[in-house]
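This report refers to the structure that appears directly beneath it.
Residue numbering restarts at 1 for every chain, and letters A, B, ... go by the order of the sequence lines. Given the structure is predicted, the values throughout are model-derived calculations rather than measurements.
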There are 2 protein chains.
Amino acid sequence: MQISSRFTIAVHVIICIEAFKDTHKVTSEFIASSVNVNPVVIRRLLQQLKKAGIVEVRRGSGGADIARPLDEITLLDVYNAVESVDNGILFHFHENPNPLCPVGRNIHAIMDSRLQEIQNAMEAKMRAMTLREIMEDANRLLEL
Amino acid sequence: MQISSRFTIAVHVIICIEAFKDTHKVTSEFIASSVNVNPVVIRRLLQQLKKAGIVEVRRGSGGADIARPLDEITLLDVYNAVESVDNGILFHFHENPNPLCPVGRNIHAIMDSRLQEIQNAMEAKMRAMTLREIMEDANRLLEL
DNA sequence: GTCGATGTATCAAAGATGATTACAACGACA
DNA sequence: TGTCGTTGTAATCATCTTTGATACATCGAC
């Protein structure tokens, strides 16, 4: 099972907002045409990013801005803003292991800390990547 | 989006096979009652684990065994056996970014290596956890 | 040949995703 | 103040994935 495209789209959205902030009014429709999805999908994502304090969106006049310095936004912030489900637990556990079986009774005690450790490793990597680094790479490519 | 319960169920299945190998015939029905799912779900999982060389399943007489030493089976082996989709790519990318937009044209170049790095961190953790360690923890709990 | 179990097809139910339409509310500006 | 472009959001739909469930041919041991 894969992590949904909302995450990669969200990064795409942020890069667009930053890259075109001086030359275009970056509306949901503008972003949607770069990502190639429906504008409503972008608006919904922008709402999630706004709730997380990552972007600001202007009603009426239209357009969006980044809400805080790029080096204070990590990929984990973006991920949690748009993907987080069920208290941010990555691994879905089968719901009702049989308490009458010794294994069923103890499977959580056996696995929970390990699953958490795996998730921590992934999140640590994401936390170490800031939008600033990503934007620097992007600018290098966009200028060519 | 969460990783499906197939992964945690698969680990549960393996622990059951190992824990009860001397005292029960470990059939799909037996395992299903510990996990609390339909036996067919277990049989499908056993097929995936068998294809990965992790378990052996006996037709006719019934029952399953672990196919190789527990310290040569990692959580990553189990994960790949039952969850792997789309060449093992964890992050689903939006399909058709606009090649006429500089950002759309370069989004893969900007993100692919970073996404891979995140996935690598997660897989490295899983590779470092063997079924042997897990079984040792399990035995400690099951004996109480 | 019987019997219990596996291997697998098929269908249904439920949940998530993303596309799309529609429209009220908003803010800037003439 | 009224127009206009845009956002915020609801509603609906098709599609996909997961899981549950039934059914049954096939297998291996006895």
Side-chain angles (χ1 to χ4, degrees), chain A residues 1-10 12-13 16-17 20 24-33 35-52 55-65 67 82-86 89-98, chain B residues 1-10 12-13 16-17 20 24-33 35-52 55-65 67 79 82-86 89-97:
Chain A
M1 186 183 267
Q2 289 186 304
I3 289 167
S4 87
S5 63
R6 275 202 306 280
F7 175 53
T8 54
I9 295 181
H12 191 144
V13 165
C16 272
I17 294 174
F20 296 113
H24 295 73
K25 180 163 74 165
V26 187
T27 66
S28 62
E29 187 144 2
F30 179 88
I31 301 171
S33 109
V35 178
N36 210 3
V37 296
N38 194 286
V40 174
V41 173
I42 301 298
R43 282 184 226 152
R44 283 195 283 239
L45 266 178
L46 283 173
Q47 287 311 303
Q48 295 186 279
L49 293 172
K50 178 175 146 190
K51 279 195 189 95
V55 304
E56 281 164 3
V57 190
R58 284 186 297 279
R59 291 198 74 155
S61 54
D65 287 300
V82 303
E83 285 285 348
S84 190
V85 168
D86 205 14
I89 302 292
L90 179 63
F91 294 98
H92 179 42
F93 227 104
H94 43 299
E95 304 286 346
N96 302 106
N98 187 346
Chain B
M1 187 185 266
Q2 288 185 304
I3 290 166
S4 87
S5 62
R6 276 202 306 280
F7 175 53
T8 54
I9 294 180
H12 191 144
V13 165
C16 272
I17 294 174
F20 295 112
H24 296 73
K25 180 162 74 164
V26 186
T27 66
S28 62
E29 187 143 3
F30 179 87
I31 300 171
S33 107
V35 177
N36 210 2
V37 296
N38 194 285
V40 174
V41 172
I42 301 297
R43 282 183 227 152
R44 283 195 284 236
L45 266 179
L46 283 173
Q47 288 312 303
Q48 295 186 278
L49 293 172
K50 179 176 146 190
K51 282 198 188 94
V55 305
E56 280 163 4
V57 189
R58 285 185 297 278
R59 291 199 72 153
S61 53
D65 287 300
Y79 177 84
V82 303
E83 286 285 349
S84 191
V85 168
D86 204 12
I89 303 292
L90 179 62
F91 294 97
H92 179 41
F93 225 103
H94 43 298
E95 306 285 346
N96 302 106

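Atom P of nucleotide dA5(C) and atom CG of Leu46(B) are separated by 14 Å, given to the nearest angstrom. Rounded to whole Å, atom P of dT17(C) lies 18 Å from atom CZ of Phe93(B). To the nearest angstrom, C1' of dT18(D) lies 15 Å from NE2 of His94(A). One atom, NZ of Lys51(A), and another, C1' of dT7(D), lie 13 Å apart when rounded to the nearest Å. Spacing between atom CD of Glu29(A) and atom C1' of dT7(D) amounts to 12 Å, rounded to whole angstrom units. In this structure, the CD atom of Glu95(B) is 13 Å from the C1' atom of dT15(D), given to the nearest Å. In this entry the distance linking CD1 of Ile31(A) with P of dG8(D) reads 11 Å, nearest Å. The interatomic distance linking Ile42(A) (CD1) with dT9(D) (P) rounds to 16 Å, in whole Å.
Shortest non-hydrogen contact noted between Ala10(A) and Leu45(A) is N-CD1, 4.0 Å. Lys50(B) and Val57(B) get closest at one heavy-atom pair: CD-CG2, 4.2 Å. The shortest heavy-atom contact between Ser61(B) and Lys25(B) is O-NZ, 2.9 Å. The two residues Val26(B) and Phe30(B) have their closest heavy-atom pair at CG1-CD2, 4.0 Å.
For the pair Lys25(B) and dG4(C), the criterion of a side-chain N or O lying under 4.0 Å from OP1 or OP2 is not met. Close to dT6(D), at under 4.0 Å from its OP1 or OP2, lies no side-chain N or O of Thr27(A). OP1 or OP2 of dT17(C) sits under 4.0 Å from a side-chain N or O of Arg6(A).
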Exercise. Summarise how protein sits on nucleotides 21-30 of chain C as a single string, 5' to 3': B when a protein heavy atom is under 4.0 Å from the base, S for sugar-phosphate-only contact, - for no contact.
Key: BB--BBSS--

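Across all strands, Arg44(B) comes closer than 4.0 Å to base atoms (heavy-atom distances).
When the nearest nucleotides of DNA chain C are assigned to Gln47(B) and Pro39(A) by heavy-atom distance, the more 5′-ward of the two goes with Gln47(B).
When side chains are defined from C-beta on, Ile17(B) counts as touching Leu46(B), because their heavy atoms get closer than 4.5 Å.
Applying the side-chain hydrogen bond (donor to acceptor under 3.5 Å, both in side chains) test to Asp65(A) and every residue at least two apart in sequence or in another chain returns Arg58(A). Applying the side chain to side chain contact (heavy atoms under 4.5 Å, CB included) test to Ser5(A) and every residue at least two apart in sequence or in another chain returns Thr8(A), Ile9(A), His92(B), His94(B).
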